[in-house]
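Working notes for the structure below.
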Protein chains: 2
Amino acid sequence: MDEPAWLDEHELSAWQAFLATGAIINRLVEQQLKDDSGLSHSQYEVLVRLSDAPDGELRMTELAGAAFTSKSGLTYQVAQLEKAGLVRRRACPTDVRGVIASLTDEGWAALRAAAPGHAALVREVFVSGLSREEFAGLASGLSALLGRLSVHAG
Amino acid sequence: MDEPAWLDEHELSAWQAFLATGAIINRLVEQQLKDDSGLSHSQYEVLVRLSDAPDGELRMTELAGAAFTSKSGLTYQVAQLEKAGLVRRRACPTDVRGVIASLTDEGWAALRAAAPGHAALVREVFVSGLSREEFAGLASGLSALLGRLSVHAG
DNA sequence: AACCAGTTGTTCAAACCCGAACCAACAGCC
DNA sequence: GGCTGTTGGTTCGGGTTTGAACAACTGGTT
């Protein structure tokens with residue numbers, strides 16, 4: 001009801017930290033992937049989602065929901081990945097409109113090759129350096145936030 | 001030393017939550033600002049940094065450091081803001097190369113107009129819905145992370 | 001069967017963002 | 001004064017992302 005119109009000191013600094021960490025970490029991840037594997041972060045995410053799905057394939061829409069891009073953005077990235085031979089597209093048997101993206105052998109290989117370096121960086125910039133309690137608090141806060149946002153995103 | 005090459009379950013889900021929340025929240029913020037004030041998030045950030053600085057002015061480099069864009073990205077955004085009349089550029093008295101960006105009256109006004117709606121959204125998607133403990137944990141985790149990253153960013 | 005609201009994925013123009021190259025100007029040094 | 005290495009900011013080229021418009025299709029209703 002009588003919520004103040006502004007963020008208080010703690011809220012503001014948490015918000016700033018959220019933005020700053022996001023920006024910095026994204027940049028680092030982007031750089032590492034590009035340098036070591038020639039993949040962009042979005043492309044890597046697409047490969048990961050596919051690899052998590054049964055048979056390594058997923059409808060475009062599901063993929064767009066799981067990854068964090070718009071539909072058109074996904075079309076573009078999948079086209080890039082297809083050009084690179086990491087992903088194949090095929091028609092969906094149950095829906096003529098549908099397109100199914102699936103990992104090729106090269107796609108699996110690229111992912112296997114890229115993952116360890118990526119994991120190491122994530123560990124370095126996101127996990128290590130925090131105490132067990134700090135990390136636990138961060139993790140549970142983020143997960144609560146995500147749960148809350150899912151409502152919003154609906 | 002013998003760090004596993006992969007992220008364990010907890011690390012992975014925290015990482016995913018970090019990416020997902022960042023993506024979703026950024027999108028919501030972007031949308032709200034654009035709809036209500038015609039500003040992009042980056043532009044809003046630039047205005048905020050300037051308003052935080054003494055006399056509402058800052059050198060380009062300091063601005064680029066404080067906001068989270070590259071130098072060229074900043075040049076672009078400041079040009080946009082200048083075109084919109086919200087920011088003015090003037091030469092730096094102590095360094096001929098230097099450029100000082102400063103808020104115009106319209107800039108102050110635009111910021112004052114945009115801030116409450118922005119604050120309300122941040123509150124809604126970032127603060128509220130979390131218990132006091134969850135938020136505290138999240139905040140301290142983020143701040144630890146940021147402190148850790150500053151080393152990295154050097 | 002014919003309609004109709006909703007979904008699917010692509011295309012298009014525009015905006016955005018980055019890194020590299022660049023020029024000009026600083027600072028420190030001999 | 002003249003070098004030399006560094007910094008400040010813009011420019012440029014290219015890749016990326018977005019939302020809106022679109023055409024094709026679906027599933028349910030009458």
Checking B:Arg112 now: which residues fulfil side chain to side chain contact (heavy atoms under 4.5 Å, CB included) with it, not counting sequence neighbours?
B:Trp108, B:Ala109
Mind listing the side-chain donor-acceptor pairs of residues 44-54 of chain A below 3.5 Å, one per line with the distance, residues two or more places apart or on another chain?
{"from": "A:Glu45", "atom 1": "OE1", "to": "A:Arg49", "atom 2": "NE", "distance (Å)": "3.3"}
{"from": "A:Glu45", "atom 1": "OE1", "to": "A:Arg49", "atom 2": "NH2", "distance (Å)": "2.3"}
{"from": "A:Glu45", "atom 1": "OE2", "to": "A:His41", "atom 2": "NE2", "distance (Å)": "3.4"}
{"from": "A:Arg49", "atom 1": "NH2", "to": "B:Gln16", "atom 2": "OE1", "distance (Å)": "3.0"}
{"from": "A:Ser51", "atom 1": "OG", "to": "A:Val48", "atom 2": "O", "distance (Å)": "2.8"}

Do B:Val78 and B:Val99 have side-chain heavy atoms sitting under 4.5 Å apart?
no
So the contacted stretch of DNA chain C, first to last nucleotide with an atom under 4.0 Å from a non-hydrogen atom of chain B, runs from C:dA15 to C:dC26
Nearest 0.5 Å, what's the NE2-CG distance between A:His118 and A:Leu111?
9.5 Å
In the 5' to 3' direction, the nucleotides of DNA chain D bounding the stretch that comes under 4.0 Å of a heavy atom in chain B are D:dT7 to D:dT18
Sequence neighbours excluded, every pair satisfying salt bridge (charged side-chain N to carboxylate O under 4.0 Å, His left out) that has a member inside residues 19-39 of chain B
none
Per nearest nucleotide of DNA chain D, the residue lying toward the 5' end, B:Asp95 or A:Asp95, is B:Asp95
Sorted by number, the residues of residues 39-54 of chain B with heavy-atom contact under 4.0 Å to DNA chain C:
B:Ser42
Pair B:Phe18-A:Thr21, side-chain contact (heavy atoms from CB on, under 4.5 Å): steps then yes or no:
CA-CA 10 Å; B:Phe18 183 71; A:Thr21 52; 4.0 Å; yes
Roughly how bent is the helix from C:dA1-D:dT30 to C:dC30-D:dG1 end to end, in steps of 10 degrees, with each end axis from five pairs?
10°
A:Glu62: which residues meet the side chain to side chain donor-acceptor pair (under 3.5 Å) condition with it, sequence neighbours left out?
none
Per the salt bridge (charged side-chain N to carboxylate O under 4.0 Å, His left out) rule, what does the pair list look like for residues 86-103 of chain A, sequence neighbours excluded?
A:Glu57-A:Arg90, A:Arg59-A:Asp95, A:Glu82-A:Arg89, A:Asp95-A:Arg97
If you look only at distance, which donor and acceptor atoms sit under 3.5 Å apart when one is on a side chain in residues 133-146 of chain B and the other is two or more places apart or in another chain?
{"from": "B:Glu133", "atom 1": "OE1", "to": "B:Ser131", "atom 2": "OG", "distance (Å)": "3.3"}
{"from": "B:Glu134", "atom 1": "OE1", "to": "B:Ser131", "atom 2": "N", "distance (Å)": "2.9"}
{"from": "B:Glu134", "atom 1": "OE1", "to": "B:Ser131", "atom 2": "OG", "distance (Å)": "3.4"}
{"from": "B:Ser140", "atom 1": "OG", "to": "B:Gly137", "atom 2": "O", "distance (Å)": "3.4"}

Under a 4.0 Å heavy-atom cutoff, the residues of residues 68-84 of chain B touching DNA chain D are B:Lys71, B:Ser72, B:Thr75
Kindly indicate, with the supporting measurements, whether the criterion side-chain contact (heavy atoms from CB on, under 4.5 Å) is fulfilled by A:Leu103 and A:Val87.
CA-CA 5 Å; A:Leu103 282 176; A:Val87 159; 4.3 Å; yes
Whether B:Gln31 side chain and B:Leu28 backbone form a donor-acceptor pair below 3.5 Å
no
Taking DNA chain C as the partner, which of residues 86-94 of chain B come within under 4.0 angstrom of it by heavy atom?
none
